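What follows is a single structure, written as structure tokens, with notes after it.
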Amino acid sequence: MPANETLPVVYVRGFAGDTRGIDKAVADPFYGFNEGSTHIRVGAGNKPSFYQFESPLLRLLLDEGYEIRVQGGQEAYLDAAEKVPANTVWVHRFYDAAASSWGARPEEYRLENAAGSLLALIEKIRAKAGVPRVHLVAHSMGGLICRCLLQKILPERGEDPGEYVDKLFTYGTPHGGIAFEHGLGLLERLRDATGINGADIFGPERMYEYLTPAALQDRAGPPEGWDPRQMLGGFPPERVFCLVGTDPADYQVAMGLSSAVVGARSDGLVQIDNAYVPGAHRAYVHRSHSGSYGLVNSEEGYQNLRRFLFGDLRVSSALVGHRLPDDDQVEWQAEVRLSVRGLPIVMHEQTASHWCPVQLPRTRTDGGPERDVPLVTTFLCSRLAPREGAGPVRHALHLRVLSLRRIDGFLSFGDHLEQTADLDDILIVDVGSSNGAGSPNGATAAPAGAAPATGAPAGAVPKVWAVWNSTVEGAIRDYTPSGPPLTDLNPAAGVWRAEIPLPETIRPVLGADARVALTVTPWN
């Protein structure tokens, strides 16, 4: 796709439950994509802080110039219009036929039918807007509707899903189904056997049906080891972003009963390990599945969405070259937080306190370096510098490495210091380009609609500066990168890579060759 090509956005909402819940859902003209929030947990001096997030729908209109076209309904507008703009947001109102509030007999909701009608909507939008593809944005079950389209509906027609959808962003989608930490599997079996309120769509048998083309299905059901999270059917997982929630406490559905049975390692409804597609990009944020502190109506969710859909830089980081100490009784974890300059939120947060640290596995027994450990991939937009003359696009990678000793399978606290890391430092990363945009010499960021600073047709190549905060004198906000950028270790065109040694204080533990590898590639 050409850089900065504008594509329509289609929103697909989540599960509404029984007829009463469906009636409530269809009463909202935008199926919840227009819901905002006014809450943030942390304020200065531990005081409540008012923070207004207008809603992802309104922010797309304000920030990216999108439009909502309605004439008695979006479908009615589409049917009547000869052409529609590409910069439009559409809501897939798949629940309407299953509502009783219209005065007609409601139809039984079926996920495959919702995926089929999503395809019809996309085909109509493509034809009227004159675009090749659309972006799909989905909450919870909506992501499964999108995957049914990509993995079953289109492949059964012999169509390439990449010809219809450019990117898929999911908020809290149960890609691996919904499982419960408590109940010894009885609750899942009861749900799947009774299909109460259609909730069996979150069990493996139904997921296998709607995620697998009919010609490939086994009549006996999902084969042993089948993983519903796997993105099959031809749509590339690297065009998928999964936002994973880690806050079950604020999910108040069923008066908190849901979060109690699903467990702490969840957003209150979807367990962390079931909320992503292997091979897809993901961010962990301390938000619940829905509600006042929900994923969709959050600044964290929106900023990840915005940069994934419209950014021009992809920056990946990994821990490489490290050697874990020769002590099988010690386990190692890393905690990672990522912040982007100019934003009031943390874009990504994997911590032990949120039940999702990065595990550092022991992969070598011969004293050699362990396998590379991916830390986080983020998307940046060179035109979103917080102020004119701000210099390069800056983000900060907060890295903590912790060790835990186990004896006979139990944690040993004899030499333990709780919440104390063996490494605790921040890598400040500035990304610019050789064509002047985003350089540390005060050049301004590219304006909206301009060619991206990285991967531009003029042959711009990225320039990256990185420094550990422990070596910076004074406040980070006052730090300006100077001197030559880091050396590109990858000669391939379109890929830039550098490796930054870990601070000297951790080298006696993880080895002198332990580094953070940064890889920058164009993104569109």
Side-chain angles (χ1 to χ4, degrees), residues 11-17 32-33 35-42 51 53 55-56 137-144 146-147 168-181 202 228-229 240-254 256-278 280-308 335-339 343-358 376-379:
Y11 177 67
V12 188
R13 69 153 290 139
F15 186 64
F33 201 44
E35 290 186 3
S37 63
T38 60
H39 286 70
I40 189 168
R41 276 296 188 205
V42 180
Y51 183 85
F53 174 69
S55 80
V137 178
H139 176 227
S140 192
M141 179 198 67
L144 299 178
C146 295
R147 286 186 57 196
L168 167 62
F169 185 98
T170 67
Y171 297 93
T173 288
H175 292 287
I178 292 180
F180 306 109
E181 186 177 86
F202 303 118
R229 300 178 307 160
V240 180
F241 192 108
C242 303
L243 193 73
V244 181
T246 64
D247 175 17
D250 284 317
Y251 189 63
Q252 296 303 315
V253 168
L257 180 61
S258 170
S259 59
V261 297
V262 171
R265 298 187 71 253
S266 73
D267 62 9
L269 181 63
V270 181
Q271 292 182 343
I272 290 172
D273 290 340
N274 286 333
Y276 64 87
V277 169
H281 307 291
R282 49 187 141 135
Y284 295 76
V285 296
H286 198 54
R287 289 282 178 166
S288 62
H289 191 75
S290 62
S292 299
Y293 301 96
L295 289 164
V296 178
N297 53 320
S298 71
E299 189 75 39
E300 294 93 332
Y302 173 71
Q303 294 298 345
N304 277 289
L305 168 70
R306 185 183 187 191
R307 283 159 176 77
F308 176 68
E335 295 186 338
V336 179
R337 291 182 175 88
L338 188 138
S339 303
L343 297 182
I345 46 87
V346 177
M347 295 279 287
H348 170 89
E349 193 170 12
Q350 273 187 274
T351 67
S353 62
H354 296 167
W355 300 87
C356 57
V358 179
V376 62
T377 294
T378 193
F379 297 88

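Worth saying up front: this structure is predicted, and the values here are computed from it rather than measured. Nothing fancy with the numbering, it's 1 onward along the sequence.
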Legend entry - Distance-minimising heavy-atom pair for Arg265 and Trp355: NE-O, 3.2 Å
Legend entry - Residue from Leu243, Val244, Thr170, Asp247 passing side-chain contact (heavy atoms from CB on, under 4.5 Å) with Leu295: Leu243
Legend entry - Aromatic centroids of Phe15 and Phe202 separated by under 6.0 Å: yes
Legend entry - Near-ring test Tyr51/Phe53, centroid separation under 6.0 angstrom: no
Legend entry - Flag side-chain contact, heavy atom, 4.5 Å: Val137 against Val12: no
Legend entry - Criterion side chain to side chain contact (heavy atoms under 4.5 Å, CB included) on Tyr276 and Tyr284, from CA distance to verdict: CA-CA 10 Å; Tyr276 64 87; Tyr284 295 76; 4.1 Å; yes
Inset, instruction - Anything under 30° is parallel, anything over 60° is perpendicular, the rest tilted; go ahead and classify His289 against His139. - result: tilted
Legend entry - Glu300/His348 under side chain to side chain contact (heavy atoms under 4.5 Å, CB included): CA gap, chis, key distance, verdict: CA-CA 8 Å; Glu300 294 93 332; His348 170 89; over 6 Å; no
Inset, instruction - Evaluate the criterion side chain to side chain donor-acceptor pair (under 3.5 Å) for residue pair Thr246 and His286; output intermediate values, then yes/no. - result: CA-CA 5 Å; Thr246 64; His286 198 54; 3.1 Å; yes
Inset, instruction - Taking side-chain hydrogen bond (donor to acceptor under 3.5 Å, both in side chains) as the test, write out the residues that go with Ser266, two or more places apart. - result: none
Inset, instruction - Could you pull out all residues at least two apart from Arg282 that satisfy salt bridge (charged side-chain N to carboxylate O under 4.0 Å, His left out)? - result: none
Inset, instruction - Output all residues satisfying salt bridge (charged side-chain N to carboxylate O under 4.0 Å, His left out) with Glu35, sequence neighbours left out; order by chain, then residue number. - result: none
